[in-house]
Amino acid sequence: MPRTAAPAPALAGGDAPVTRLPGVGPAVAAKLAERGIQTLQDLWFLLPLRYEDRTRLTPIRDLRPGPALQAEGRVRHVERLFRGRPMLKVTLGDDEGSLLGLRFFHFRSQQVQAFQPGRRVRVFGEVRPGQNGWEIIHPSYRVLGDDEGAALSDRLDPVYPLVEGLGPGSMAKLVRLALDQLPDAAALELVPVAAWAGLALPGLREALLTVHRPPVDADVGALMSGTHPAQQRLAFEELLAHGLSLRRQRIALREHGAFPLPAARAPVDALRATLPFALTGAQQRVLTEVERDLAEGAPMLRLVQGDVGSGKTVVAALAAMQAVAAGRQVALMAPTELLAEQHLQNFHRWFEPHGVRVCWLAGKVTGKARRETLVAIADGTAQVVVGTHALMQGGVAFAKLGLVIVDEQHRFGVHQRLALRDKGLEGERVPHQLVMTATPIPRTLAMTAYADLDLSVIDELPPGRTPVTTVAVAAERRPELVERVRKACAEGRQAYWVCPLIEDSEEIEAQAAQTTFEQLSEALPELRVALLHGRMKPVEKQDTMRRFKAGELQLLVATTVIEVGVDVPNASLMVIENAERLGLAQLHQLRGRVGRGSAASSCVLLYQSPLGGIARERLDVMRRSNDGFVIAEKDLELRGPGELLGTRQTGLAAFRIADLARDARLLPQVAALADALLAESPAIAEAVIARWVGSAARYASA
Ligand code: ADP
Ligand code: MG
């Protein structure tokens with residue numbers, strides 16, 4: 001690509017304020033500004049979240065749950081009820097005798113009167129199973145005159161993100177008005193045509209007009225699924241913008257500089273020599289990458305991905321030793337107290353013999369202990385500090401923080417990682433950062449979502465592990481499992497019985513675990529059974545975990561608090577209740593708690609029949625594979641990357657139109673173009689970032 005010496009590309013009128021539009025005064029402009037919409041261009045690129053299809057009528061018997069559908073029928077029955085609050089139930093019927101229920105919780109008397117029996121009503125909404133057949137809650141509807149023609153709409157209706165204080169109608173109207181001022185095609189393009197010519201996609205102007213005002217003959221299916229070339233063209237540019245933004249952050253980080261932590265062979269080797277095992281090839285390779293980064297004067301920001309049980313902790317410990325040997329402090333942050341405690345024990349055991357002081361900071365450390373710890377952190381005598389979120393809080397000041405380690409980083413937001421990092425800000429310099437995750441992410445996805453970090457992968461498990469055998473069993477066979485637990489424990493092994501979140505409440509989850517605990521204690525009187533859930537006091541949790549680890553307890557009935565990191569090699573049987581409700585990543589994490597020792601381990605996934613299609617597929621994947629990367633690929637296919645990555649994890653604002661899984665084929669080209677633009681046309685790069693990422697999605701630089 002030729003070097004462009006031109007100044008920032010003109011915005012072709014797109015930088016005009018929204019107040020330029022008729023009817024937009026300061027009040028509306030202020031509401032829009034809260035959503036980061038300030039200019040005409042911001043409105044052009046405010047893309048529909050989805051479409052509503054009112055181009056056809058679905059016969060009542062063909063209605064299905066899913067996207068909103070449109071149907072028609074005559075009023076059969078109207079009923080006003082009071083079930084704690086007023087409710088209006090209307091039943092429609094068609095010529096075939098199929099019935100459709102409508103339910104309203106907010107309604108006026110006029111509305112009730114409009115539903116005269118026999119009147120024809122057209123409704124639009126999401127269908128769900130009701131008491132007698134299908135039902136729609138709060139549909140949008142129109143009561144039709146008897147001989148009213150009532151044409152169907154001839155194109156899809158775009159649905160825009162809502163802006164507080166502006167109705168959906170006004171948003172659509174604002175976008176329409178802004179589009180009237182769209183400049184000609186050449187003025188709108190930022191990226192040289194040659195860069196995307198190979199993709200057989202339309203120009204930007206055509207693409208924008210198509211997604212905002214789908215033409216009558218547009219491919220409805222493609223538009224609804226986001227695969228229309230017009231959407232792909234926009235997705236391409238959006239992915240490019242995010243790629244550029246992440247790369248730019250990476251450059252900005254490196255400009256900060258860091259204190260080099262030179263390789264320290266003697267102390268690191270001494271620590272290694274006291275470990276009861278040798279590193280795997282993969283651990284060694286990743287450690288070498290980390291050691292090399294640490295020795296540099298530019299800050300490291302490296303993500304270590306490794307399947308559950310691959311041995312990330314010890315790599316972190318050896319890196320920490322290099323930092324300590326260089327006279328700097330290390331902070332290790334974990335997302336749960338349980339996991340942080342476990343790290344504390346390991347680090348104590350590994351470091352104290354070498355005269356390194358390891359300290360502990362969690363929310364429950366209070367009073368005198370807390371004050372003393374804070375002093376030790378501030379004067380530098382605490383060389384390694386292990387803790388939870390408490391590490392990021394105000395009042396915690398490090399003397400010379402050189403390395404920040406964040407375990408299970410997907411549990412933290414980017415801001416939290418940065419808050420900890422900034423505890424080590426000295427002038428312009430920042431600490432090195434090592435972030436670890438056991439949620440493997442397919443490679444192309446990782447390269448795109450984490451373009452601001454370096455990646456290392458521990459793709460090998462320590463020797464001597466026997467793979468976990470997984471079976472899926474219907475809940476009716478629970479009694480057999482109780483016997484199985486009895487047998488395993490009689491043979492000296494230990495077991496987990498996991499009761500996952502069924503409703504979105506830690507309290508209800510705790511109750512479910514409590515009930516199961518009582519049942520199992522009764523059924524297995526000879527076993528030492530204990531309960532572990534998130535609402536227990538930290539000391540209780542800690543004590544229970546210690547006793548389980550020491551082998552004093554045989555069966556641990558737990559909620560998903562044990563999901564991350566818990567390491568008890570003698571536990572070789574896990575039962576997971578309601579497994580059909582959990583995602584693959586979570587099941588894989590949970591299952592990772594067994595198969596850590598040399599005994600053959602099993603995992604039993606209990607499900608409630610009947611199983612839905614996707615649930616069955618998920619359980620099948622779990623039965624067939626123990627490989628986190630294979631499971632992640634499948635998860636991506638079944639769920640899409642939104643859930644896999646989440647915005648918390650990447651710090652990316654949610655995409656407006658791109659979808660990393662659906663649009664994966666665009667990624668290689670996006671990556672190449674992002675590199676080229678940054679190197680050769682930084683002004684264009686800036687303009688693309690401003691257009692798509694803009695101020696709305698801005699977050700602190702990495
Ligand atoms: P994760 O990657 O899931 O955080 P851990 O660091 O908790 O895994 O390690 C899992 C278990 O494997 C621990 O008991 C740890 O001591 C052990 N381990 C780590 N590396 C090795 C190795 N190279 N050989 C044998 N055991 C190892
Ligand atoms: Mg771990």
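Please read these numbers as outputs of a predicted model, since none were measured by experiment. For ligands, and for the atoms within them, numbers begin at 1 and follow the listed sequence.
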Shortest non-hydrogen contact from Ser601 to Thr466?
N-OG1, 4.3 Å
Answer yes or no: is there a donor N or O on one side and an acceptor on the other, between the side chain of Glu577 and the main chain of Val498, under 3.5 Å?
no
Taking atom CG of Leu420 and atom NE2 of His389, what is their separation to the nearest 0.5 Å?
11.0 Å
Under 4.0 Å to a heavy atom of Val308 - the qualifying atoms of ligand 1, by number:
3 (O)
Please work out, at 4.0 Å between heavy atoms, whether the side chain, the backbone, both, or neither of Asp567 comes within that distance of ligand 1.
side chain
Which bit of Pro569 is near ligand 1, meaning a heavy atom under 4.0 Å away: side chain, backbone, both or neither?
neither
Could you check whether Arg328 makes a cation-pi contact with Phe259, meaning its NZ or CZ is under 6.0 Å from the centre of the six-membered ring and within 45° of the ring axis?
yes
Does ligand 1 have a heavy atom under 4.0 Å from the side chain of Gln283, from its backbone, from both, or from neither?
side chain
In ligand 1, which numbered atoms sit nearer than 4.0 Å to a non-hydrogen atom of Arg596?
3 (O), 7 (O), 10 (C)
Go through it in stages, so that I can follow the logic: the residues are His588 and Asn626, the test is side chain to side chain donor-acceptor pair (under 3.5 Å), and I'd like the CA-CA distance, side-chain angles, deciding distance and then a yes or no.
CA-CA 8 Å; His588 183 62; Asn626 270 301; 5.8 Å; no
Closest to atom 2 (O) of ligand 1 (judged by heavy-atom distance), picking from Gln305, Gln342, Lys312
Lys312
Would you kindly say whether Gln542 and Lys364 are connected by a side-chain donor-acceptor distance under 3.5 Å?
yes
To atom 23 (N) of ligand 1, the nearest of Gly311, Ala278, Pro276, Ala282 on a heavy-atom basis is Ala278
Judged by non-hydrogen atoms, does Ser310 sit under 4.0 Å from ligand 1?
yes
Can you list the ligand 1 atoms lying under 4.0 Å from a non-hydrogen atom of Thr313?
4 (O), 5 (P), 6 (O), 7 (O)
Applying a heavy-atom cut-off of 4.0 Å, say which part of Leu279 lies close to ligand 1: side chain, backbone, both or neither.
backbone
Using a 3.5 Å cut-off on N or O atoms only, is Pro463 in polar contact with ligand 1?
no
Strictly distance-based, threshold 3.5 Å: is any side-chain N or O of Gln554 a donor or acceptor partner for the main-chain N or O of Ala495?
no
